[in-house]
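Note sheet for the following structure.
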Amino acid sequence: MASTVDRGRFAEIVVIRHGETCWNASRIVQGHLDSELNEIGRQQAIAVAGRLSKEPKFQAIYSSDLKRAAETANIIAKICNLPEVILDPGLRERHLGDLQGLTLRDAAKLRPEAYKIFLSGKRDGEIPGGGESFDQLNERCVPCLEKIASKHQGERVIVLTHGGVLRELHRRAVSGRSSDGRIHNTSVNVFLISESGNWTIKTWGDISHLDEIGVLNNAFGGDRTSG
């Protein structure tokens with residue numbers, strides 16, 4: 001799917017979006033605000049953990065420090081018998097400034113400037129209220145994953161993060177091309193990062209473990225807007 005990884009050692013990083021939250025279901029913009037998993041989100045986390053527990057051994061598990069990701073990571077760590085989850089704010093979702101805590105419908109009325117920039121898709125568009133541009137998000141999360149890869153050459157690790165981050169990681173792996181379609185809650189996405197810094201994507205958007213639980217297709221987040 002992307003450039004071939006160098007022959008030799010590489011880190012295999014299984015990157016997973018957090019489980020569903022009440023705010024996802026209510027179509028509320030989350031960004032850096034904390035929202036907890038809902039019951040479906042916890043079931044999704046258990047399902048992906050069960051899947052991962054049957055795979056070859058993982059050496060570590062990392063997570064965004066936001067509750068929705070950390071809670072998902074802790075469920076996975078327990079079921080997979082992994083040591084303590086390593087929290088890293090570099091894996092946080094994009095900060096969405098004045099839009100955080102609002103539905104998009106309300107944001108269009110109450111924060112029109114931020115709403116317009118949010119939907120523009122401009123890479124350098126910073127959202128009023130302390131929000132990040134896509135470029136700023138990329139500059140934060142890509143080096144974060146590369147740092148993890150450098151620590152785990154020849155090993156497999158799990159990373160819990162968010163839809164916006166996953167889109168930027170995809171963009172890095174395929175030379176600037178964004179992913180199409182929705183990134184579902186607890187989807188499994190596998191990146192191989194070589195010692196020399198080459199990236200490839202082994203698996204993208206796999207939700208086969210959710211066949212019985214299902215996914216909420218109209219939830220906020222995981223699409224081009226994310227959050």
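Note that the structure is a prediction, hence the values are computed from the model and not measured. Side chains are part of it too, since the values below use all heavy atoms of this structure and drop only hydrogens, waters and symmetry mates.
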* Asked: Which value, rounded to the nearest 0.5 Å, describes the distance between L37 atom CG and I75 atom CD1?
  -> 6.0 Å
* To do: Provide the closest heavy-atom pair for L169 versus C141 in the form atom of the first, atom of the second, distance.
  => CD2-O, 4.1 Å
* **Closest approach of A77 to V85 (non-hydrogen atoms, all atoms of both residues)** => CB-CG2, 3.9 Å
* Asked: Do L66 and L87 share a hydrophobic cluster, counting only Ile, Leu, Val, Met, Phe, Trp and Tyr and linking them when any side-chain heavy atoms are less than 4.5 Å apart?
  -> no
* Return the set of residues passing salt bridge (Lys or Arg N to Asp or Glu O under 4.0 Å) with D135 (not counting sequence neighbours), or none when no residue passes. => R123
* **Salt bridge K202-E12, side-chain N to carboxylate O under 4.0 Å** => yes
* Minimum heavy-atom distance F10-L192, with the two atoms named -> CE1-CD2, 3.4 Å
* Please list, chain by chain and in numerical order, all residues satisfying salt bridge (Lys or Arg N to Asp or Glu O under 4.0 Å) with E146, sequence neighbours excluded. => R172
* Side-chain donor or acceptor of T161 paired with backbone N/O of L91 under 3.5 Å -> yes
* Indicate the atoms forming the closest heavy-atom contact of I148 with V159, along with that distance. => CD1-CG2, 4.1 Å
* Structure fact -> Rounded to the nearest 0.5 angstrom, the CD-SG distance for E139 and C144 is 14.0 Å
* How far apart are the closest heavy atoms of I61 and P83, and which atoms are they? -> CG2-O, 3.9 Å
* Asked: Side chains of W204 and V174: closer than 4.5 Å at any heavy-atom pair?
  -> no
* To do: Determine whether the side chains of N189 and S187 contain a donor N or O and an acceptor N or O closer than 3.5 Å.
  => yes
* About how many Å separate CD1 of I183 and CD1 of I16, when rounded to the nearest 0.5 Å? -> 13.0 Å
* Main-chain N/O of A70 paired to N74 side chain as donor or acceptor, under 3.5 Å -> yes
* Tell me, please, which residues at least two apart from H209 pass ring pair (Phe, Tyr, Trp, His ring centres under 6.0 Å). => none
* Asked: Looking at residues at least two apart in the chain, or sitting in another chain, which of them share a side chain to side chain contact (heavy atoms under 4.5 Å, CB included) with A149?
  -> A11, I13, Q153, I193
* Exercise: do Q30 and T21 side chains pair donor with acceptor under 3.5 Å -> yes
* **CA sep, side-chain torsions, deciding dist, call: T103, V29, side chain to side chain contact (heavy atoms under 4.5 Å, CB included)** => CA-CA 6 Å; T103 65; V29 180; over 6 Å; no
* Assess the side chains of H162 and S64: does a donor N or O sit below 3.5 Å from an acceptor N or O? => yes
* Are the side chain of S63 and the backbone N or O of D65 linked by a donor-acceptor pair below 3.5 Å? -> no
* If you measure from CG on L82 to CD1 on I158, what distance do you get to the nearest 0.5 Å? -> 5.0 Å
* Structure fact -> In terms of heavy-atom contacts, A25 and N38 come closest through CB-ND2, 4.4 Å
* Asked: Can you tell me how far the CZ atom of F134 sits from the CZ atom of R171, to the nearest 0.5 Å?
  -> 9.5 Å
* Asked: Are any side-chain N or O atoms of T72 and backbone N or O atoms of R68, one a donor and one an acceptor, separated by less than 3.5 Å?
  -> yes
* Asked: side chain to side chain contact (heavy atoms under 4.5 Å, CB included) with H32: which residues, sequence neighbours excluded?
  -> R92, H95, Q100, E132, R140
* Rounded to the nearest 0.5 Å, how far does CD1 of I213 lie from CD of E39? -> 10.0 Å
* **Cluster overlap I46 with L160, hydrophobic side-chain contacts below 4.5 Å** => no
* Hydrophobic clusters join Ile, Leu, Val, Met, Phe, Trp and Tyr when side-chain heavy atoms are under 4.5 Å apart, directly or via other members; which others share one with L110? -> L102
Scan the side chains in residues 115-122 for donor-acceptor partners under 3.5 Å anywhere in the protein, sequence neighbours excluded, and list what turns up.
residue, atom, partner, partner atom, Å
S120, OG, I117, O, 2.7
S120, OG, K122, N, 3.2

* Residues that A114 engages under side chain to side chain contact (heavy atoms under 4.5 Å, CB included), provided they are two or more places apart -> D98, L99, R111, I127, P128
* Excluding sequence neighbours, so at least two apart, what forms salt bridge (Lys or Arg N to Asp or Glu O under 4.0 Å) with K151? -> none
* Take Y62 and H152 through the test ring-ring contact (aromatic ring centres under 6.0 Å, His included) and record every step on the way to the result. => CA-CA 12 Å; Y62 293 80; H152 294 282; 5.6 Å; yes
* Asked: Is a side-chain donor-acceptor pair under 3.5 Å present for Q44 with N185?
  -> no
* Asked: Which residue pairs pass the salt bridge (charged side-chain N to carboxylate O under 4.0 Å, His left out) test with at least one member in residues 48-63, sequence neighbours excluded?
  -> R51-E55, R51-D206, E55-R156
* Structure fact -> Residues at least two apart in sequence or cross-chain that pass salt bridge (Lys or Arg N to Asp or Glu O under 4.0 Å) with E126, listed by chain then number, are none
* Asked: Would a hydrophobic clustering, with Ile, Leu, Val, Met, Phe, Trp and Tyr connected at side-chain separations under 4.5 Å, put V142 with I201?
  -> yes
* Which pairs, with at least one residue in residues 70-88 and sequence neighbours excluded, count as a salt bridge (charged side-chain N to carboxylate O under 4.0 Å, His left out)? -> R42-E71
* Asked: Going through the distances and angles, do V14 and V190 end up as a side chain to side chain contact (heavy atoms under 4.5 Å, CB included)?
  -> CA-CA 4 Å; V14 179; V190 182; 4.1 Å; yes
